[in-house]
Amino acid sequence: YLIFGACLEVLLGTILALILYEMIKNEFLKIMLLILMVMPMMLPPSIVGVLWKFLLQAYNGAINHLLINIGILDSMERIEWLGAQYALQSITIADVWQWTALPLLIVYSGRVSLPPAIYEAAKVDGAPAWMVLKRITLPMLKEIIAIAFIIRFMDAYKFVDKIYVMTSGGPGQSTELPVFIAFQKGIREVEVGEAAAYAWLIFVFAAVLTT
């Protein structure tokens, strides 16, 4: 989940932020696109879980019907998005859809704050766009991108709501992330001591990785 969730959100957020700033010149259009991209982040995670649970239903879900309509699936073929094989990936996709806007906002604000004089000097020197991106923009944004990643990384250790709504940890144990196990032990089974032990282990592991 950390690799395909938090990392993908930061990567997509960075790409979208730079595209939005560099390629969209109309200020009104830029603001409208920014608002549209941020809207999923404003929804409660439980509502996002319910929404994606309906979209990913095998027989009545919009995703499978879309794949059938564009010819990727046969008319009788279905993908069990919330089955054991794809459940964790499906929850991760729902989370990426909702939270990519957070690193997007952070990186976009960082790009806006970079001094324009550096880019004017690069333009005068005839530096191509890819060189400016590689040698100026990304190196100057690296701390900001790191902050965006750490924020999403820390949120990954509080990832209970969508799992609870979409799969309840199943099928089997395919979506039982450590924090969800701690939640089950403490809230559902009232094994407070064991849940506290899980919480301490998660905290120590997260603190080491974040550092």
Trainee: Is any NZ, NE, NH1 or NH2 atom of the basic residue among Lys123 and Glu120 found under 4.0 Å from an Asp or Glu carboxylate oxygen of the other?
Mentor: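 Glu120 and Lys123: not salt-bridged.
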Trainee: With rounding to the nearest 0.5 angstrom, report the CD to CG distance, Glu9 to Leu102.
Mentor: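 Spacing of CD (Glu9) from CG (Leu102) equals 8.5 Å.
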Trainee: Should Asp95 and Arg152 count as side-chain neighbours, where that means a heavy-atom distance under 4.5 Å?
Mentor: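 When only atoms from C-beta onward are counted, Arg152 and Asp95 do touch, with a gap below 4.5 Å.
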Trainee: A side-chain contact here means heavy atoms from C-beta on lying under 4.5 Å apart; do Met140 and Ile118 qualify?
Mentor: yes
Trainee: Enter the distance from Leu51:CG to Met166:CE here, rounded to the nearest 0.5 Å.
Mentor: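 Here the rounded value is 9.0 Å.
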Trainee: To the nearest 0.5 Å, how far apart are CD in Gln89 and OG1 in Thr175?
Mentor: 10.5 Å
Trainee: So, do Val48 and Trp97 sit near enough that their side-chain heavy atoms are less than 4.5 Å apart?
Mentor: yes
Trainee: Would you say OH of Tyr164 has more than 12 non-hydrogen atoms from neighbouring residues, nucleotides or ligands within 6.0 angstrom?
Mentor: no
Trainee: With a 4.5 Å cut-off on side-chain heavy-atom distances among I, L, V, M, F, W and Y, is there a chain of contacts connecting Trp130 to Leu138?
Mentor: no
Trainee: With sequence neighbours left out, what residues match Phe153 under ring-ring contact (aromatic ring centres under 6.0 Å, His included)?
Mentor: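 Checked Phe153 against ring-ring contact (aromatic ring centres under 6.0 Å, His included); matches are Phe149, Tyr157.
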Trainee: How many angstroms lie between CG in Leu82 and CG in Leu88, if you round to the nearest 0.5 Å?
Mentor: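 The CG atom of Leu88 is 11.5 Å from CG of Leu82, to the nearest 0.5 Å.
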Trainee: Kindly determine whether Trp52 and Val165 satisfy side chain to side chain contact (heavy atoms under 4.5 Å, CB included), including the steps that lead there.
Mentor: CA-CA 10 Å; Trp52 278 88; Val165 171; over 6 Å; no
Trainee: Is there any side chain to side chain donor-acceptor pair (under 3.5 Å) pair reaching into residues 56-68, and which pairs are they, with sequence neighbours excluded?
Mentor: Asn64-Trp81
Trainee: For Tyr119, does the OH atom sit with more than 12 other heavy atoms under 6.0 Å from it, leaving out its own atoms?
Mentor: yes
Trainee: State, to 0.1 Å, how close Ala182 and Ala195 come at their nearest heavy-atom pair, and which atoms those are.
Mentor: O-CB, 3.5 Å
Trainee: Hey, any chance Val204 and Ile150 share a hydrophobic cluster, counting ILVMFWY side chains that come within less than 4.5 Å of each other, even indirectly?
Mentor: no
Trainee: Do Arg78 and Leu73 pass the side chain to side chain contact (heavy atoms under 4.5 Å, CB included) test, and can you show the C-alpha distance, the side-chain angles, and the key distance before you say yes or no?
Mentor: CA-CA 7 Å; Arg78 298 290 186 276; Leu73 295 180; 5.9 Å; no
Trainee: Should we say atom CZ of Arg135 is surrounded by more than 12 heavy atoms from elsewhere, each under 6.0 Å from it?
Mentor: no
Trainee: Do Ile31 and Leu18 belong to the same hydrophobic cluster, where Ile, Leu, Val, Met, Phe, Trp and Tyr are linked whenever their side-chain heavy atoms lie under 4.5 Å apart, directly or via other members?
Mentor: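 No, Ile31 does not connect to Leu18 through the hydrophobic network.
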Trainee: Would you mind reporting whether Lys158 and Pro45 have side-chain heavy atoms less than 4.5 Å apart?
Mentor: no
Trainee: If you group Ile, Leu, Val, Met, Phe, Trp and Tyr by side-chain heavy-atom gaps below 4.5 Å, do Leu177 and Ile181 land in one group?
Mentor: no
Trainee: Could you state the interatomic distance from CD1 (Ile91) to CD1 (Ile163), rounded to the nearest 0.5 Å?
Mentor: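 Here the interatomic distance stands at 5.0 Å.
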Trainee: Go through it in stages, so that I can follow the logic: the residues are Ile151 and Ile106, the test is side chain to side chain contact (heavy atoms under 4.5 Å, CB included), and I'd like the CA-CA distance, side-chain angles, deciding distance and then a yes or no.
Mentor: CA-CA 10 Å; Ile151 291 171; Ile106 294 171; 3.9 Å; yes
Trainee: Please determine whether the number of non-hydrogen atoms from other residues, nucleotides or ligands lying under 6.0 Å from atom CD of Glu77 exceeds 12.
Mentor: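 Enclosed: over 12 neighbouring heavy atoms sit under 6.0 Å from CD of Glu77.
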Trainee: Against Val107, only a single residue in Ile15, Ile145, Val10, Leu16 fulfils side chain to side chain contact (heavy atoms under 4.5 Å, CB included); can you say which?
Mentor: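 Exactly one option meets the side chain to side chain contact (heavy atoms under 4.5 Å, CB included) with Val107, and it is Ile145.
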Trainee: What's the separation between atom OG1 in Thr167 and atom NZ in Lys162, rounded to the nearest 0.5 Å?
Mentor: 12.0 Å
Trainee: Looking at Val38 and Ala101, what are the two nearest heavy atoms and their distance?
Mentor: CA-CB, 3.8 Å
Trainee: Taking side chain as C-beta onward, heavy atoms only, is Leu114 less than 4.5 Å from Leu141?
Mentor: yes
Trainee: Taking atom CE as the centre, does Met39 end up with more than 12 heavy-atom neighbours from other residues, nucleotides or ligands that are less than 6.0 angstrom away?
Mentor: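 Open: at most 12 neighbouring heavy atoms sit under 6.0 Å from CE of Met39.
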Trainee: I want to check something: taking the side chain as every heavy atom from C-beta on, are Met37 and Tyr108 in contact at a cut-off of under 4.5 Å?
Mentor: no
Trainee: Got Leu105 and Leu34 here, is their nearest side-chain heavy-atom distance under 4.5 Å?
Mentor: yes
Trainee: Mind checking whether Thr137 and Arg111 have side chains closer than 4.5 Å, heavy atoms only?
Mentor: yes
Trainee: Going only through I, L, V, M, F, W and Y residues with side-chain contacts under 4.5 Å, is there a path from Leu29 to Ile35?
Mentor: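 Leu29 does not cluster with Ile35.
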